[in-house]
Amino acid sequence: LSAVRPAGADAPVLGAFVAESRLRALATSIETAREAERSRISRELHDELGQALVGMALDLKWLRTNAIKPDVLLRLEAMQRTLDHTTREVRRLTSELRPALLDDLGLVDAIEWQAKMSAERAGLALELDLPAQVSLDRDRATAVFRIAQEALTNVARHAAATRVAVSMTATTSHLDLVVQDDGIGFGDSPDPSSGFGLLGMRERALTWGGAVLIEAAPGGGTRVSLQLPLPRTTDT
């Protein structure tokens with residue numbers, strides 16, 4: 001005789017599944033709203049503050065050309081240096097909020113740009129192994145880019161590394177991203193994510209059914225791996 005399951009035995013399992021699905025949908029909605037706000041701020045920085053800085057630069061150029069007193073000219077030159085620095089910082093913040101490359105040229109170029117910028121600023125040797133292109137919807141591409149960005153930021157801030165390697169592969173069913181450094185690693189910490197602030201990366205990956213693995217790299221350092229399943233496409 002087959003075992004008879006009591007009525008309602010599957011209810012707790014079904015309830016947990018529904019709750020998890022709702023939480024995942026909520027996380028996706030929050031992340032989408034967050035990215036939309038980043039995009040809005042990035043556009044406003046570029047359109048409003050960026051244009052204002054350009055106008056100020058032109059005015060300063062005119063003043064420096066027409067200044068007579070040496071002390072006035074020195075003050076104007078100091079103002080020009082400050083303005084140039086501010087302009088560079090605004091451009092950096094605009095790019096970090098929402099890189100134009102991500103929307104214009106795609107995920108691969110955006111990750112390459114982020115890796116080169118992070119390595120240059122931290123004085124790291126960089127190894128890249130990226131595909132020519134990856135076909136990915138906007139939301140998943142954003143999630144992958146943010147995970148790569150966070151991993152690279154943590155290398156620059158905490159790893160005390162001399163080298164970082166970024167690789168990515170993609171098939172029709174999944175995408176793999178690896179960011180590996182030769183730094184100090186996470187020592188005796190039982191949970192490296194707590195010490196390196198990587199919980200956000202795991203949450204982003206989980207939103208799309210993926211996972212982030214953080215482990216000691218062979219020979220020293222840290223290896224951050226993203227495995228992201230991709231939606232199946234049907235031919236029409």
Side-chain angles (χ1 to χ4, degrees), residues 9-39 96-99 101-103 105-115 128-155 164-181 186 189-217 222-236:
D10 293 330
V13 175
L14 179 60
F17 175 78
V18 171
E20 182 179 350
S21 298
R22 288 178 176 174
L23 283 174
R24 185 170 294 179
L26 177 61
T28 302
S29 177
I30 291 173
E31 191 57 39
T32 300
R34 185 181 299 167
E35 285 298 330
E37 183 66 8
R38 285 173 181 262
S39 296
E96 289 184 356
L97 280 167
R98 183 72 190 184
L101 281 175
L102 187 56
D103 295 320
L105 298 180
L107 176 63
V108 175
D109 288 288
I111 288 181
E112 181 178 353
W113 166 81
Q114 182 68 54
L128 287 174
D129 184 9
L130 304 175
Q133 62 180 4
V134 171
S135 180
L136 209 59
D137 62 88
R138 187 178 192 271
D139 290 337
R140 283 181 177 81
T142 298
V144 174
F145 174 78
R146 293 301 182 197
I147 290 170
Q149 185 181 48
E150 181 67 23
L152 287 163
T153 298
N154 277 287
V155 172
V164 62
V166 181
S167 64
M168 182 167 62
T169 58
T171 67
T172 56
S173 62
H174 67 278
L175 179 147
D176 294 322
L177 171 74
V178 176
V179 177
Q180 181 171 321
D181 66 73
F186 44 82
S189 173
D191 182 7
S193 66
S194 63
F196 284 75
L198 303 180
L199 286 174
M201 297 197 305
R202 286 176 166 166
E203 292 173 357
R204 287 182 188 274
L206 184 61
T207 297
W208 299 104
V212 169
L213 178 64
I214 307 161
E215 58 187 345
T222 303
R223 177 185 173 97
V224 177
S225 306
L226 164 68
Q227 295 91 37
L228 186 73
L230 301 181
R232 293 183 178 181
T233 57
T234 56
D235 297 330
T236 55

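Since the model is a prediction, treat every value here as computed from it, not as a measurement. These values consider heavy atoms only, across backbone and side chains, with no hydrogens, waters or symmetry-generated copies.
Proximity of Val166 to Leu177: side-chain heavy atoms (C-beta onward) are separated by under 4.5 Å at one or more points. Between Leu226 and Met201 there is no side-chain heavy-atom pair separated by less than 4.5 Å. The shortest side-chain heavy-atom distance between Val178 and Asp176 does not fall under the 4.5 Å cut-off. A heavy-atom distance below 4.5 Å is not found between the side chains of Leu152 and Ile111. Residues Pro131 and Val108 form a side-chain contact, since some pair of their non-hydrogen atoms from C-beta on lies under 4.5 Å apart. Taking 4.5 Å as the limit, some side-chain heavy atom of Asp139 sits within range of a side-chain heavy atom of Trp208. Two residues are said to be in side-chain contact when any heavy atoms from C-beta on lie closer than 4.5 Å; Leu102 and Leu107 meet this criterion.
The nearest pair of heavy atoms linking Gln227 to Ser225 is NE2-CB, 3.4 Å. The minimum heavy-atom distance linking Gly210 with Pro229 is given by the pair CA-CD, 3.6 Å. Considering every non-hydrogen atom in both Ala205 and Ala211, the closest pair reads CB-N, 3.8 Å. Across all their heavy atoms, Ala170 and Val134 have their closest contact at CB-CG2, 4.1 Å.
Separating the CD atom in Gln133 from the CG atom in Leu105 is a distance of 11.5 Å, to the nearest 0.5 Å. Here the straight-line distance linking atom OG1 of Thr169 with atom NE2 of His174 works out to 5.5 Å at 0.5 Å rounding. Between atom OG1 of residue Thr153 and atom CZ of residue Arg146 there is a gap of 10.0 Å, rounded to the nearest 0.5 Å. Atom CD1 in Ile147 sits 7.0 Å away from atom CG in Leu228 (nearest 0.5 Å). One distance of note links CD of Glu150 with CZ of Arg202; it measures 12.5 Å at 0.5 Å rounding. In this structure, the separation between CD on Gln149 and CH2 on Trp113 is 7.0 Å, given to the nearest 0.5 Å.
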